[in-house]
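Worksheet: the structure to be examined is printed underneath.
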2 protein chains.
Amino acid sequence: MKKAEATRLTILQKAFELIYIKGYQTTSIDDIIATTQVTKGAFYYHFKTKDEMGIAIINEILKPTLKNSFIQPLQSEQNPLDAIYTLMDNLLMKNEFLKVEYGCPASNFTQEMTPWNADFNKVLNELTEQWTKVMTTAIEKGKENGFVRKDVNAKRVTLFVMSGYWGIRNFGKLENSKKVYLTYLKELKSYLNTLK
Amino acid sequence: MKKAEATRLTILQKAFELIYIKGYQTTSIDDIIATTQVTKGAFYYHFKTKDEMGIAIINEILKPTLKNSFIQPLQSEQNPLDAIYTLMDNLLMKNEFLKVEYGCPASNFTQEMTPWNADFNKVLNELTEQWTKVMTTAIEKGKENGFVRKDVNAKRVTLFVMSGYWGIRNFGKLENSKKVYLTYLKELKSYLNTLK
DNA sequence: TTAAAAACATACTAATTAGTATGTTTTTGA
DNA sequence: TCAAAAACATACTAATTAGTATGTTTTTAA
């Protein structure tokens with residue numbers, strides 16, 4: 001990798017971590033250049049504004065990460081109900097980067113930036129679109145393969161499951177304990193069982 | 001009401017509306033005194049700090065409101081599954097104050113203030129505690145009265161439903177349309193039906 | 001090799017922020 | 001009625017903010 005490219009990536013990665021922990025608005029450019037050891041001149045060479053950096057984080061960090069964490073598991077498994085449960089279990093209980101006290105990066109961004117910033121809104125929409133599509137497709141396939149009841153509405157289920165995930169991530173922040181995740185997962189399993 | 005008391009209440013109410021729309025961190029004291037027509041001296045006579053006002057909003061505005069919006073409907077109806085659905089339908093589709101583009105005040109506060117402010121964490125915990133307790137109790141009663149299956153775990157269902165609510169509020173912000181609420185409500189109804 | 005462009009560095013600015021210092025006016029209770 | 005306390009008003013401050021002006025250094029390509 002070229003040096004300049006590496007600088008840009010460092011900024012994106014470190015800024016993302018800071019924002020995940022502190023929130024977007026309360027993470028200052030000075031915070032970012034302090035932890036990255038990158039000077040202000042370098043920062044503003046790579047990004048015209050703070051928001052341009054924020055958008056880049058979503059496009060270049062969040063989207064690819066979600067592709068690996070969400071989309072792969074859903075497409076590789078046969079039974080979509082098992083796939084969804086395993087996915088949630090992995091994200092909530094096993095993922096090493098995500099912390100219960102800081103919630104879900106995508107959800108945090110959405111809460112904080114919508115509806116005031118149209119650019120953020122756009123890329124965040126693409127982000128969720130990406131992932132609801134795959135989940136819906138997986139459920140539809142599961143209907144064909146007999147894993148899921150024929151009268152199940154895939155889009156509804158997807159939205160219902162995703163909402164639950166974003167919501168429990170927020171409850172986790174409040175309780176600061178993965179115990180709520182376990183409780184949630186048990187009921188999720190019950191719910192998914194009603195779909196087969 | 002005494003005049004001073006009225007001033008304090010005006011600040012709390014108008015500040016709450018501003019914060020609901022703009023977020024806590026991005027609503028400045030100057031914003032608040034501008035829209036309330038209250039001077040800075042008056043503001044800081046009633047509240048030592050911004051955070052003290054924030055806490056007061058939760059304790060004196062949010063908590064009582066939730067008691068009326070959440071707790072009353074759940075306690076007055078016989079069938080808890082119907083009660084939960086009606087409650088969600090009212091909150092999402094019929095409530096005049098809550099706007100799809102601004103989400104849920106309690107969820108927003110939680111997202112923004114947790115885990116960095118212990119005082120906020122405490123009162124927000126009390127807030128959700130208040131409401132999960134009532135929902136859990138209603139479901140338990142429903143089990144006794146034959147409205148809900150005996151093997152249903154009331155606490156799990158409560159957390160599952162509340163998570164879904166917070167989550168769909170966030171999706172609403174993203175989509176800026178109540179259509180997602182309708183989709184969500186349909187699946188919620190299906191889910192609740194599996195509990196009887 | 002060298003000149004131009006890319007990449008980075010430093011010192012600044014103007015606006016905004018929460019909060020304070022120091023008043024004046026209004027209310028209250030003896 | 002009148003003094004003390006409560007309630008409010010105004011002008012300020014120090015810190016922080018995103019962003020800029022103006023450089024120097026490094027890389028690139030002819």
Side-chain angles (χ1 to χ4, degrees), chain A residues 1-58 60 108-109 112-113 116-121 123, chain B residues 1-58 60 108-109 112-113 116-121 123:
Chain A
M1 198 191 315
K2 277 175 192 152
K3 222 182 154 197
E5 222 178 307
T7 306
R8 186 189 151 90
L9 200 61
T10 303
I11 293 171
L12 288 179
Q13 283 171 338
K14 292 277 178 187
F16 172 55
E17 286 176 36
L18 277 179
I19 290 166
Y20 175 48
I21 292 170
K22 297 187 45 169
Y24 179 79
Q25 315 264 15
T26 45
T27 299
S28 67
I29 308 286
D30 286 339
D31 285 340
I32 294 166
I33 65 172
T35 62
T36 52
Q37 304 269 51
V38 160
T39 62
K40 202 160 248 192
F43 180 92
Y44 278 100
Y45 173 78
H46 286 286
F47 306 102
K48 266 181 86 170
T49 64
K50 186 187 178 185
D51 280 3
E52 190 176 299
M53 179 209 62
I55 303 286
I57 286 174
I58 296 171
E60 298 170 41
N108 292 352
F109 260 121
E112 205 176 344
M113 303 314 287
W116 290 110
N117 192 306
D119 294 330
F120 274 89
N121 212 316
V123 292
Chain B
M1 199 192 311
K2 280 177 192 150
K3 222 182 152 198
E5 221 176 308
T7 306
R8 184 189 152 91
L9 200 61
T10 304
I11 294 172
L12 288 179
Q13 284 171 337
K14 292 278 178 186
F16 172 56
E17 287 176 35
L18 277 179
I19 290 165
Y20 176 48
I21 293 169
K22 298 186 43 169
Y24 179 79
Q25 314 264 15
T26 45
T27 299
S28 68
I29 309 287
D30 286 339
D31 285 339
I32 294 167
I33 66 172
T35 61
T36 52
Q37 303 270 50
V38 159
T39 61
K40 201 159 251 192
F43 180 93
Y44 278 100
Y45 172 78
H46 286 285
F47 307 101
K48 267 180 84 171
T49 62
K50 186 187 178 186
D51 280 3
E52 189 176 300
M53 179 210 62
I55 303 285
I57 286 175
I58 296 172
E60 297 168 43
N108 291 353
F109 260 121
E112 204 176 344
M113 303 314 288
W116 291 109
N117 192 306
D119 295 330
F120 274 88
N121 211 316
V123 291

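Note on naming: letters A, B, ... go to the chains in the order of the sequence lines (proteins, then strands), and numbering restarts at 1 for each one.
- Here the options are A:T35, A:T27, A:I33, the test is side-chain contact (heavy atoms from CB on, under 4.5 Å), and the partner is A:D31; only A:T27 passes.
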Practice problem: Spell out protein contact along nucleotides 11-30 of chain C as letters: B when the base is contacted, S when just the sugar-phosphate is, - when no protein heavy atom is under 4.0 Å; keep the 5' to 3' order. | Solution: B-----BBBB------S---

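- Note: A:F43 and A:F47 have tilted aromatic rings, judged against thresholds of 30 and 60 degrees for the angle between ring planes.
- Inter-residue side-chain proximity for B:E5 and B:L9 is flagged as unmet; no heavy-atom pair is nearer than 4.5 Å.
- A straight line from CD of A:Q37 to P of C:dT10 spans 12 Å, rounded to a whole angstrom.
- C:dT22 is paired with D:dA9 under the Watson-Crick or G-U wobble criterion, all donor-acceptor distances under 3.5 Å.
- For the atom pair A:I32 CD1 and A:M53 CE, the distance stands at 4.0 Å (nearest 0.5 Å).
- A sub-4.0 Å separation between OP1 or OP2 of D:dC8 and a side-chain N or O of B:H46 is present.
- Between B:Y24 and B:F120, the ring-plane angle classifies as perpendicular under the 30° and 60° cut-offs.
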